[in-house]
Each structure stands twice: as structure tokens, then as C-alpha cells.
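Below is one structure; the comments refer to it alone.
In listed order, ligands and their atoms are each counted from 1.
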Amino acid sequence: MMTMKKRVAILGSTGSIGCQALEIIERYPNLFEAEVLTANNNTSLLIEQAIKFNVNAVVIADESKYSIVSNALDKYDIKVFCGIESIESLVCSDNIDIVLTAMVGFSGVKPTLAAIKAGKRVALANKETLVAAGSIVMNALKNSSSHIIPVDSEHSAIFQCLQGEYNLPEKILLTASGGPFLNWDKDKIREASIEEALNHPKWSMGKKVTIDSASMMNKGLEMIEAKWLFDVTPSQIEMVVHPQSIIHSMVQFKDGSITAQLSNPDMRLPIQYSFTYPNRLDSHIKKIDFKTLMELNFSKPDTDKFPCIRIAYEAIEMGGNIPCAMNAANECAVELFLDNSITFGEISKIIEQTIKTIDFVKEPSLEEILLTDKEARKIAYQIITKK
Ligand code: MN3
């Protein structure tokens, strides 16, 4: 068992994943310690968490909010920093063992790369990093003692299915709950309201990933995430709609055997596993009772109703900087939808048009990825204003 306390940096501590990670640290104070917390702009919760967990340092990414946090933590022995660069340098410090990347979106790329270069365990909850910069991240891993433990429930499931396995997977069966619009018709989905899109039937998550789940772009992002994490081709990844979210994904081998990971849907399980791996600890989540489990259903995703799935397969097929552009356009489109500036149906249209417009780069460097992200956002906003 683990003897030394593992010191954790939680990037995005005020979000849904970050808060649940702190619950785990609170439950196992002899095993884990919150060392660094970072937040984008939620100052009040960051301050509260910093004091409660008596952390070493916090970072508020929004520099205009630095004084609010530093004043509030003035009488405590807690260092306060601001800006993205501070996150990058803090994750590299010697007193960090695990870096949980639970921030939203493309902002995860640089801190994740910094943590990899510093040889940390990366508990990866930020899928956008692999979507935008997959080849760069995987190359950085090859030259480092760092390792990634996936936190996304599907990827944690696949990772768990592959433990102790000597054979390569023939196919990955990536499960999808189908989101709130699974049984809606196409025209109704296009006009869906913000409230309807945020009403996820199975998972309680942050706004960005909840909207991605409604459009099923989340599954597209996860397909690309799986491609990089498990070194498979997109054609080896099959999406399976499974509304109960009990099976969190499966792996098929060439003899036809399929292994699966099951549990009640609760993100605290994959978060905890990413901390304790290769060990398992009591998780206090409700365990499955097969005597009362009613039924498990499966179906094929409808790419006509959910064009984002098709767009994601096309983007990874094109490769280069296109998945990065797709991700950037999606982040913009989700923001605009949540801002009431576009309809739900326009999300996929903006993404598709952005991909068509962006200059193609076959083997992008990190600089070219950063540039593509900027450029794609510009294009996406131009599409809206021209409308
Ligand atoms: Mn997921």
C-alpha cells in the first residue's frame, strides 16, 4: 500500500471534478494532501477551499482578481499567484506528486505539457488537451517519466479493462449516455433551449461538458481522446449508446472476448482511481445490486441527429491541426449558445464551417497549435457576426 502522502495539484479546483477530488482528499487525509489549487475566476470558492485544506499555494488565472484572493488569504500561510504561467511553473515544483487537470477547454494544453515534462502523474480530466494537441502530448510522454491516468469515466473504464492484459485491443466500445436529446427528433433538437440542453439525465457536470453531451460532441472529443491514449485508429473505436450509464466502456479482443467496467455513474470513482492507481480503495459510492438492476440497453448513435459525431470522425481523419480547430470552434459555439447568441442547431454548423476555412497544417508544432486555436476562434466569431 501507499506509505507516503501524495501531494496533489488540482487545476480547476472550483469545478465539478475539482470539488469531487477535494472530497476524496478529505476522506483520506493520511494518503492525500491538497498542495496547489487553481481556479479560473471563482474567487470565493477558491478562498474557501484554500483555507479549509490549508494548501501551500493557489492560482487565480484571471489576473484582475488577484487582489481579492491575496487580501482574503493575507493572514494565512498560503502563497497566492495569478495568471496561466504561474500554473505552469507551480505544477513542476518538487512538492507535487499528482497533477489533476480538471480545468475546462484548451487552457489545459500548456499546464498538462508542463506537468508531463516535470515527470508528474497526470490525472487527466481535461479531454480538450488531447483533442487539440494529442501528438505533441504523446511525444512529450515518450521522453518523460510522467504517466497519464485517465479520469474521464469512459477512458478510466478502458484503462481498467486493459490492466494486466498482454494483448492489444481489437476494438474499443466507447459508451455514450446519449444525453438529454437521445429520443428527440432532429427539428426539435435544433431549437432546444439552454435549460433543456443543460438537463442531463445521468451525470451532473460542468456546463461546457453538459452542452457537449447534449450535442454529442463530447463523444467526438472522447473518441479522439481514446485514439491518443490507447494508440488505436478511429475505425477501431465504435460508439455505443447505453442510456443507463452503468457500463462505462468496453474493450474487445481478437478472440471475441469483451471486457467491461461497470459501476453506478459517479465521477468520484474514476477520480479516486487516478489517485490510488494501481491500488483501489473503498469509494463509498452506491454499489450495483444485480437483483434490482432492471435492464441495460444499447443502440447505435444517430449521426444525422447528432452531426457533431460525424464531424469529429472527419476531423481526426484529416488530422494535423484540424481537431484543434474543431475543438476551438466548439468551445466558441458552446459559449455563444449559453449566451443566447445562437441556436443549438447552429453549434455543429459553426464547427463545420470553421474546419473548412482554417489553413491546414499537417504536423503542427505547439506554436502552430496555439495559433490554430486563436485563428479558429476568430473564424467562428466571424461566422456569427456575418449571419
Ligand atoms: Mn466522459
Phe253 side chain near Glu165 side chain, heavy-atom distance below 4.5 Å: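 Sidechains of Glu165 and Phe253: in contact.
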
Aromatic centroids of Phe181 and Phe344 separated by under 6.0 Å: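 Phe344 vs Phe181: aromatic centres under 6.0 Å.
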
Tyr277/Phe159 aromatic ring centres below 6.0 Å: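 Tyr277 vs Phe159: aromatic centres under 6.0 Å.
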
Heteroatom count (protein N, O or S) under 2.8 Å of the Mn ion (ligand 1):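 Protein heteroatoms (N, O, S) closer than 2.8 Å to the Mn ion (ligand 1) number 3.
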
Glu346 versus Thr343, side-chain donor and acceptor atoms under 3.5 Å: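 There is such a pair between these side chains.
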
Pair Glu314 + Arg310, salt bridge at N-O below 4.0 Å: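 A salt bridge is present here (some side-chain N lies under 4.0 Å from a carboxylate O).
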
Distance-minimising heavy-atom pair for Ile211 and Phe337: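 Minimum heavy-atom contact is CD1-CE2, 3.8 Å.
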
